[in-house]
Amino acid sequence: MTKYIFITGGVVSSLGKGIVAASLGRLLVSRGYKVSIQKFDPYINVDPGTMSPFQHGEVFVCEDGAETDLDLGHYERFIDTYLSQINNVTSGSVYQTVINKERKGEYLGATVQMIPHITGEIKSRLLAASKRNNPDILIAEIGGTIGDIESLPFIEAIRQFRLEAGFQNSMSIHVTLLPYLPTSGELKTKPSQHSVNVLRSYGIQPEMLVLRTQKELSDNERNKLSLFCSIPKDSVIQCKDMSSIYEVPLYLEDQGITKQILKTLNLEEKEASLDDWKDLVYKINHPKKEFNIALVGKYTELNDAYISVVESLKHAGFKHSAKININWIASEDIESDDEAKNKLKNADGIVVPGGFGTRGIEGKLKVIKYARENNIPFLGLCLGMQCAVIEFSRNVANLKHANSTEFDKNTPYKVVDLMEEQKNIAGYGATMRLGSFPCKILKNTKAYSVYKSDLILERHRHRYEFNNEYKETLKEFGLTFSGTSPDGLLIEIVEIKKNDWFVACQFHPEFKSRPQRPHPLFDGLVEAIVKQKEV
Ligand code: GLN
């Protein structure tokens with residue numbers, strides 16, 4: 001039987017609830033429990049696939065092609081698991097199901113209402129997640145801040161669910177902020193007390209508080225929160241700002257959080273095996289070298305827009321005991337080769353990540369040209385591969401004005417074009433080539449040297465693809481097609497042999513990297529940098 005942990009947030013948004021949830025997942029797994037995790041987002045979009053990365057950050061893609069909240073990326077990385085569509089629920093998807101049922105007449109003439117129909121659908125999503133792989137514990141994180149209108153149906157559904165599932169089988173953890181007032185030198189507890197009061201007014205008494213703080217929580221503050229929030233002192237846990245998110249599980253464990261959770265849920269307190277995680281954190285905190293990697297994209301004002309790419313670079317750094325500094329470069333600021341050179345002069349490696357639309361493309365092409373001509377280790381991801389192909393076509397294969405039809409419908413050389421099956425699709429939601437597909441790897445290539453396998457599986461999210469009409473020409477000029485779909489028709493990886501590391505892929509390897517197991521392509525990039533620096 002599955003036990004449930006419900007995580008809500010209070011006082012402010014962007015508290016790092018996702019990291020707390022993911023860290024708890026890691027801690028419970030380390031005690032031998034089978035854990036799954038689910039995110040509930042209160043917005044009306046059916047999924048974040050149609051939302052701008054500027055607003056919402058990265059869209060994380062699961063194996064099954066679900067376009068999900070970026071917190072699922074944290075969950076997968078911390079727990080080392082694969083999640084799916086069922087693990088990301090939005091108000092939009094809940095309403096859609098209920099309205100579709102109503103249209104089909106499934107409610108038999110009843111008035112369809114928030115309670116019981118919307119709340120019922122939310123509860124059934126919880127049950128569906130607990131049926132997938134039968135976890136011992138399901139962690140459910142509710143997006144937004146307590147008091148928001150949007151999240152009310154979720155909170156009400158949890159209240160009902162806890163009653164129905166039996167209170168000993170679930171717990172509520174409220175994550176809040178303790179603001180620090182420098183003038184009085186104090187962490188202020190009042191906003192958190194109020195937030196707990198709001199949660200109680202909805203019928204939920206939390207069993208645990210996790211407090212985001214800049215400073216150490218004093219005994220006095222802990223006592224106050226315990227007393228006014230009716231939470232045992234041992235379950236008032238602080239979560240101070242850490243230099244690395246991967247330190248959070250150990251920091252929480254040191255305060256006895258897992259013990260308290262297992263006690264609350266009436267689960268046996270098994271021994272923790274966290275040695276490998278401790279080794280990881282040791283490595284993170286004791287780097288032996290430092291590299292600068294330029295991340296050249298369109299959404300550089302919001303770092304969350306490329307969070308999985310950034311984490312993947314860090315993972316590869318951990319393996320090589322290297323601290324990776326990310327130099328954020330907005331591609332639209334680069335208008336000439338000189339500007340590219342100037343902006344990239346400190347870059348030990350260059351990454352051009354995925355993206356959509358024309359803005360900043362010419363800048364990306366200049367950056368790729370610089371990487372190719374100066375043998376700077378380069379990794380192109382999705383749009384980054386398409387740009388690498390365009391750059392190579394224009395500047396090496398002399399196909400003047402070669403382009404993707406996404407950016408120029410009238411280009412004389414459509415080296416990247418809309419995929420055949422995309423041509424008749426009208427809508428925008430969940431209509432791309434999405435999710436995990438097999439890819440065949442050519443022997444004696446850079447890709448093969450890191451994957452060490454003929455067949456791999458990688459996650460996709462794109463509409464355009466390399467146009468095979470140009471394959472032979474580009475091959476003659478020295479572009480290697482090292483990965484294709486098993487039927488050979490879709491180009492998945494390209495590389496340039498004579499460069500130390502110039503590899504670009506149509507898929508998104510960043511979704512499968514793990515802190516203790518960096519993705520081969522990111523590992524290859526960092527390894528190439530290590531080797532260049534050794535000389
Ligand atoms: N815009 C490109 C396409 O749709 C690339 C997508 C991406 O980078 N995820 O094919």
Side-chain angles (χ1 to χ4, degrees), residues 61 63 65 308-309 312-313 316 349-355 368 371-372 377-393 396-397 404 415-422 432-513 517-528:
V61 181
E63 288 290 298
S308 291
V309 177
S312 302
L313 288 169
I350 296 174
V351 175
V352 176
I368 295 171
R372 180 177 55 74
F378 166 80
L379 182 61
L381 309 170
C382 201
L383 178 73
M385 181 193 104
Q386 298 172 357
C387 287
V389 166
I390 297 168
E391 192 281 324
F392 193 89
S393 306
V396 182
S404 161
V415 290
V416 176
D417 200 4
L418 202 57
M419 295 168 51
E420 208 42 53
E421 64 263 34
Q422 287 286 330
M432 286 186 248
R433 180 179 180 226
L434 286 168
S436 185
F437 290 93
C439 167
K440 208 168 60 178
I441 308 277
L442 198 68
K443 289 228 163 69
N444 300 317
T445 58
K446 290 188 168 53
Y448 194 88
S449 77
V450 290
Y451 276 112
K452 299 180 174 65
S453 168
D454 303 327
L455 197 70
I456 54 154
L457 284 164
E458 292 286 2
R459 300 183 196 173
H460 296 250
R461 182 170 187 256
H462 62 117
R463 293 197 171 84
Y464 291 79
E465 61 166 328
F466 174 74
N467 181 352
N468 279 319
E469 276 175 38
Y470 295 94
K471 195 170 168 188
E472 285 315 310
T473 312
L474 299 189
K475 221 178 189 170
E476 276 165 30
F477 280 94
L479 193 66
T480 303
F481 297 91
S482 47
T484 63
S485 54
D487 61 10
L489 293 178
L490 295 172
I491 299 300
E492 306 282 33
I493 312 177
V494 302
E495 56 185 75
I496 297 176
K497 223 180 188 127
K498 65 175 191 212
N499 284 38
D500 290 344
W501 186 264
F502 189 106
V503 179
C505 52
Q506 185 55 78
F507 46 80
H508 290 274
E510 68 270 26
F511 297 140
K512 286 177 80 169
S513 184
R517 226 175 32 255
H519 187 283
L521 294 181
F522 286 89
D523 189 10
L525 173 81
V526 172
E527 197 170 333

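Hydrogens, waters and symmetry mates play no part in the numbers below; they use all other heavy atoms, side chains included. Just so you know, these numbers come straight off a predicted model, no measurement behind them.
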Would you call the rings of Y451 and F507 parallel, tilted or perpendicular, taking 30° and 60° as the class edges?
perpendicular

Shortest non-hydrogen contact from Y464 toward H462:
O-ND1, 2.6 Å

Measuring only between side-chain heavy atoms, which start at C-beta, is K512 closer than 4.5 Å to L457?
yes

Which distance, rounded to the nearest 0.5 Å, do you find between the OG of S513 and the CG of L313?
8.5 Å

Find the distance between CG (N467) and CD (Q386) and round it off to the nearest 0.5 Å.
11.5 Å

Do the side chains of E527 and W501 get nearer than 4.5 Å, heavy atoms only?
no

Take I493 and I441 through the test side chain to side chain contact (heavy atoms under 4.5 Å, CB included) and record every step on the way to the result.
CA-CA 8 Å; I493 312 177; I441 308 277; 3.6 Å; yes

Atom pair CZ/CD1 of F502 and I350 - distance to nearest 0.5 Å:
9.5 Å

Separation of C439 SG from H460 NE2 (nearest 0.5 Å)
7.0 Å

Evaluate L474 against F466 for side chain to side chain contact (heavy atoms under 4.5 Å, CB included), listing each step before the verdict.
CA-CA 11 Å; L474 299 189; F466 174 74; 3.7 Å; yes

Run the numbers on V494 and S482 for side chain to side chain contact (heavy atoms under 4.5 Å, CB included), then give the verdict.
CA-CA 6 Å; V494 302; S482 47; 5.9 Å; no

Given side chains that start at C-beta, do those of D454 and Y448 come closer than 4.5 Å, heavy atoms only?
yes

Does any N or O in the side chain of E495 come within less than 3.5 Å of the main-chain N or O of A447, such that one atom is a donor and the other an acceptor?
yes

Separation between OG1 (T480) and NZ (K475), nearest 0.5 Å, reads 9.0 Å

Heavy-atom closest contact (L525 atom, F378 atom, distance)
CD1-N, 3.7 Å

For a 4.5 angstrom cut-off between non-hydrogen side-chain atoms, does R372 reach E391?
yes

Within-4.5 Å side-chain heavy-atom neighbours: H519 and E510:
no

Compare every heavy atom of I368 with every heavy atom of A388, then report the nearest pair and how far apart it is.
N-CD1, 3.6 Å

D487, CG: over 12 other non-hydrogen atoms inside 6.0 angstrom:
yes

Heavy-atom pair of closest approach, residues P353 and L383
O-CB, 4.0 Å

Please find the pair of heavy atoms, one from L455 and one from P486, that lie closest to each other, and give the distance.
CD1-CG, 4.5 Å

Is any side-chain heavy atom of I491 closer than 4.5 Å to one of M385?
yes

Evaluate F522 against V526 for side chain to side chain contact (heavy atoms under 4.5 Å, CB included), listing each step before the verdict.
CA-CA 6 Å; F522 286 89; V526 172; 5.8 Å; no

Please tell me if the side chains of R459 and E63 come closer than 4.5 Å, counting only heavy atoms from C-beta onward.
yes

Please examine the side chains of I496 and F392, heavy atoms only from C-beta on, and report whether any two atoms are closer than 4.5 Å.
yes

How many angstroms lie between CG in L434 and NE2 in H508, if you round to the nearest 0.5 Å?
9.0 Å

Tightest non-hydrogen contact, residues G354 and C382, listed as CA-CB, 4.3 Å

